[in-house]
Amino acid sequence: MNTTILISDLHLSEHTPALNQLFKQCLNQWQGRIDSLYILGDFFDVWIGDDDDSNFIREIKSLLKQFTSHTPIYFMHGNRDFLLGKQFAAETDIKLLEAPQLVNLYGQNYLLVHGDELCTDDIAYQQFRAQSRNPLWQMAVLHKPIAERRMLAGQIRQMSETRKNSEGKSEISDVTENGIEALISTQNHQTLPTLIHGHTHRPAIHEHSYLNQPFKRYVIQDWANDYGGYLAVDAQGVHVHELKL
Ligand code: MN
């Protein structure tokens with residue numbers, strides 16, 4: 001024990017059977033052997049409401065439910081699964097997190113976000129984000145028939161697809177210094193936390209400073225094709241792990 005695992009951007013769906021299997025293997029390995037699992041958004045490639053039902057969703061729910069009976073799961077929304085709600089959380093016993101989330105793990109502070117809020121150069125997306133995180137907007141959407149919500153989900157997916165660059169891998173907008181500074185400036189300047197996020201599909205470890213105080217930023221590995229990854233945090237700090245099928 002004495003390890004906490006963080007993952008994000010698995011983008012699981014019924015079209016990713018190999019990654020779903022990889023996730024299942026990870027859960028088997030981690031269950032009861034780690035202190036907790038943090039999922040920092042875009043766990044699902046798309047989420048149109050907790051009333052959506054399919055074999056894929058039922059299977060994932062049962063995996064999560066089984067896991068949380070031994071080990072807690074904390075879940076933060078991404079830009080693809082921000083409609084995931086309390087019903088799903090109740091059915092799986094995961095705990096939904098607000099963002100940003102400051103957590104203390106083994107004596108060190110970590111600031112957790114999905115990462116889309118840091119991409120401040122993408123004005124159109126930030127406008128959509130502000131609108132789509134409004135509870136009234138969400139309620140209106142969730143009252144629409146499921147077929148209509150699927151169309152909306154297609155549009156949302158297309159919005160981030162058209163933002164992908166020529167490598168076809170990352171979304172055009174990376175995080176910005178302004179976005180990072182706006183977030184980190186809300187923290188205690190004497191003891192800046194380590195920032196951890198996903199979203200950009202650009203796994204890395206960055207060194208920053210704010211008001212002459214250094215802090216690190218870990219970008220979590222996305223999962224795609226036949227690979228994935230995760231961060232393991234223990235008393236020694238953060239360790240980067242790669243996964244291969
Ligand atoms: Mn994302």
Side-chain angles (χ1 to χ4, degrees), residues 5-16 19-20 22-23 37-49 52 60 73-85 88 94 96-101 110-134 137-138 141 149-150 152-176 178-180 182-183 195-206 217-225 227-231 240 243:
I5 305 270
L6 299 101
I7 54 176
S8 77
D9 301 276
L10 282 68
H11 290 270
L12 301 185
S13 75
E14 56 202 359
H15 307 297
T16 59
L19 293 180
N20 302 346
L22 184 60
F23 178 64
L37 173 64
Y38 282 78
I39 301 175
L40 298 187
D42 290 359
F43 174 65
F44 291 110
D45 193 47
V46 68
W47 195 257
I48 59 169
D52 192 15
I60 289 277
I73 296 180
Y74 299 95
F75 188 102
M76 187 176 278
H77 293 115
N79 53 303
R80 299 294 194 93
D81 50 17
F82 60 90
L83 285 175
L84 189 136
F88 183 92
I94 62 166
L96 295 177
L97 293 178
E98 295 292 324
Q101 186 71 220
Y110 297 91
L111 189 60
L112 314 178
V113 289
H114 175 59
D116 55 324
E117 59 271 79
L118 303 174
C119 302
T120 53
D121 278 351
D122 194 342
I123 309 287
Y125 172 69
Q126 292 303 332
Q127 283 168 351
F128 171 75
R129 186 177 193 278
Q131 178 190 46
S132 62
R133 299 304 174 99
N134 181 320
W137 184 91
Q138 294 194 357
V141 167
R149 280 182 270 153
R150 277 192 219 288
L152 176 73
Q155 289 164 4
I156 291 172
R157 190 191 278 126
Q158 211 177 6
M159 188 163 72
S160 47
E161 292 295 323
T162 55
R163 279 167 164 70
K164 284 182 179 174
N165 64 16
S166 52
E167 294 161 42
K169 191 167 181 288
S170 317
E171 294 173 27
I172 275 177
S173 42
D174 198 353
V175 304
T176 64
N178 285 343
I180 294 165
L183 176 63
L195 184 53
I196 297 181
H197 67 84
H199 179 63
T200 63
H201 300 198
R202 293 175 169 96
I205 309 170
H206 298 275
R217 176 169 65 93
Y218 286 83
V219 186
I220 305 175
Q221 171 79 56
D222 58 300
W223 294 29
N225 306 317
Y227 67 87
Y230 61 93
L231 299 181
V240 179
L243 290 168

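Each ligand, and each atom within it, is numbered from 1 in the order the structure gives. Residue numbers start at 1 and run along the sequence shown. In what follows, every heavy atom counts, from backbone to side chain, and hydrogens, waters and symmetry copies are set aside.
No side-chain donor-acceptor contact under 3.5 Å links His11 and Asp222.
Side-chain contact between Ile60 and Phe43 is present, with heavy atoms from C-beta onward closer than 4.5 Å.
Of all the heavy atoms in Val113 and Leu40, the pair that sits closest is O-CD1, 4.1 Å.
Using a cut-off of 2.8 Å, one finds that Thr200 contributes no N/O/S atom close to the Mn ion (ligand 1).
If you look at Tyr110 and Tyr218, their ring centroids are not closer than 6.0 Å.
If you look at His199 and ask which of its N, O or S atoms sits nearest the Mn ion (ligand 1), the answer is ND1.
Between the OD2 atom of Asp42 and the NE2 atom of His114, the angle taken at the Mn ion (ligand 1) works out to 100° after rounding to 10°.
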